Amino acid sequence: MKITRRGLMTGTTGLAAGAVVGAAAGVATERSGDSTGVASYPFRGAHQQGILTPVQDRLHFAAFDVTTTDRAALVRLLQDWTEAAERMVAGGSAGPVGPVEGDDRLPPDDTGEAIGLPASRLTLTFGFGPGLFSDADGEDRFGLADRRPKALRPLPHFASDAIDEARSGGDLCVQACADDPQVAVHAIRNLARIGMGTVAVRWSQLGFGRTSSTSRSQATPRNLFGFKDGTASVKSEERDAIEEFVWVAPGDDPRAEWLAGGSYLAARRINMRIETWDRQSLRTQEELVGRTKSSGAPLSGGDEFDEMDLEMPGRDGPVVPVDSHVAVVHPDNNGGVRMLRRGYNFVDGSDVLGGMDSGLFFVAFVRDPDTHFIPLQSAMAKQDALMEYLKFTGSALFAVPPGVRPGEFVGQALFA
Ligand SMILES: C=CC1=C(C)c2cc3[nH]c(cc4nc(cc5[nH]c(cc1n2)c(C)c5CCC(=O)O)C(CCC(=O)O)=C4C)c(C)c3C=C
Ligand SMILES: [Fe+2]
């Protein structure tokens, strides 16, 4: 069955628009326009989609404040979001009726800007922020406080952070990734519309040109410094590494067993001083990163995916400088830990000085932020020569519940 919003609207499936959901694992497309050969991914499974899924080209990420005090309303929202998400990732509309099929005296249950667009490999990934468990005064908002995962706290302040609170935190988050920005935006917009009166968008971020790859079948993309980014990120083919570094395991956190099979999502909005960067010599740029700009190979030699030799002597110390980015965050200098990175480039117009408000919206999925993320971010803040070209302007941490099983809603085990 071919599922497109247009196909559904013209009745080729014989079903109401949006009523159909993809059941097969990764519905193949006749003409997908991407290297994966897949048009859509199933919403339900052991783990949420949008983590191991081959990274799509576009992002719309939104963080929400929960505005209700009613636990039942929060549960209803998650049920409604689950239904809408399942329809939209299959290429259907947000509501069961559709953008133009309903009673014309009522607002449509889908906003319509995705009419005619295919699923575009849309994935929707949901997360819970610390504020869902208790508010700033420690008040238990929804009877969930004693189920808060131990590592789910606002990220600490790191040296030279310039965090804008209006771009940080949030009680809930939704990561929408797709190959078409209109499809990602449509999904977030409709989830926000469905949540009216229960949640309000706190901040959101658009991203383009994925800065990572989650599969060996994907080429490594480039960030706005012009370097390949994502080379050493955990790949979906690395089964042992995924268990060790990405998924929360049963027994990791006895009071938050509901999170087993899930993960933590660390988000950092990082402005890049690209105008200053562009004035640095190629050699300086490569020494700041620790890899070559052309192939992404370590400065110690070899090809992109070859092991880096952090000890190889150069003229003034190691050939991969000790304060280069890759040396500072390398597993050998951080207790062996790795992370699955899934960031995007962004350009949000220009700043008051005529420079571009641009950078990298860093997203990483980790098993435990206390051991797999915070120490690396601290090391970067203190020792990384790249920091001179970076300004951290947003910050958030979310617990990402496990996958949604048939008949369940997202995060159901937390409310059991
Ligand atoms: C705290 C975690 C990290 C932040 C924040 C971060 C920001 C950041 N990174 C680049 C560019 C590159 N990063 C690369 C590798 C790399 N980065 C991190 C962590 C953070 N980066 C890790 C764990 C690694 C892998 C290290 C390893 O195992 O070798 C690379 C090299 C290519 C690659 O492996 O992806 C580049 C390039 C920028 C520009 C940036 C902030 C804007
Ligand atoms: Fe990095």
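A quick note: this is a predicted structure, and the numbers were derived from the prediction, not measured. Numbering of ligands and ligand atoms starts at 1, following listing order.
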For residues M339 and L376, determine if any side-chain heavy atom of one lies less than 4.5 Å from a side-chain heavy atom of the other.
yes
State the atoms of ligand 1, each with its element, that fall below the 4.0 Å cut-off from a heavy-atom position in R291.
31 (C), 32 (C)
Please state which protein non-hydrogen atom is closest to atom 7 (C) of ligand 1 and give its distance, to 0.1 Å?
M380 CE, 3.9 Å
Can you find an N/O atom of L360 closer than 3.5 Å to an N/O atom of ligand 1?
no
Return the closest protein heavy atom for atom 33 (C) of ligand 1 as residue, atom name and distance.
T231 N, 3.3 Å
Heavy-atom nearest neighbour of atom 39 (C) of ligand 1 within options L376, I270, N223:
N223
Going by atom types only, do N223 and N345 share a side-chain donor-acceptor pair under 3.5 Å?
no
List every atom of ligand 1 that sits less than 4.0 Å from any heavy atom of V326, numbering the atoms from 1 in the order shown and giving each element.
31 (C)
Considering only N, O or S atoms, which atom of H325 is nearest to the Fe ion (ligand 2)?
NE2
Classify the side-chain pair R121/Y41 by whether it contains a donor and acceptor separated by less than 3.5 Å.
yes
For F61 and F361, I'd like to know if the aromatic rings sit close, meaning centre-to-centre distance below 6.0 Å.
yes
Distance to 0.1 Å, residue and atom name: give those for the protein heavy atom nearest to atom 36 (C) of ligand 1.
D229 OD1, 3.8 Å
Consider side chain to side chain donor-acceptor pair (under 3.5 Å). Of Q175, H60, R269, which one does Q205 pass it with?
R269
Starting from atom 15 (C) of ligand 1, find the nearest protein heavy-atom neighbour and note its residue, name and distance.
R341 NH1, 3.4 Å
Looking only at the side chains, is there a donor atom on one of N334 and H330 sitting less than 3.5 Å from an acceptor on the other?
no
Please list the nearest protein heavy atom to atom 34 (O) of ligand 1 with its residue and the distance rounded to 0.1 Å.
A232 N, 2.9 Å
Classify the side-chain pair Q56/D180 by whether it contains a donor and acceptor separated by less than 3.5 Å.
no
Determine whether the side chain, the backbone, both or neither of R268 has a heavy atom under 4.0 Å from any heavy atom of ligand 1.
neither
Look at atom 2 (C) of ligand 1 and say which protein heavy atom is nearest, naming residue and atom and giving the distance to 0.1 Å.
F362 CZ, 3.6 Å
Report the distance from atom CZ of R273 to atom CZ of F225, rounding to the nearest 0.5 Å.
9.5 Å
Tested for side chain to side chain contact (heavy atoms under 4.5 Å, CB included) against W247, the lone hit among L52, L340, V366 is L52
Atom 17 (N) of ligand 1: nearest protein contact (heavy atom, Å)
H325 NE2, 3.1 Å
Residue, atom name and distance, where the atom is the protein heavy atom closest to atom 37 (C) of ligand 1
K228 O, 3.3 Å
What do we get for T220 next to ligand 1 when only non-hydrogen atoms under 4.0 Å count, side chain, backbone, both or neither?
neither
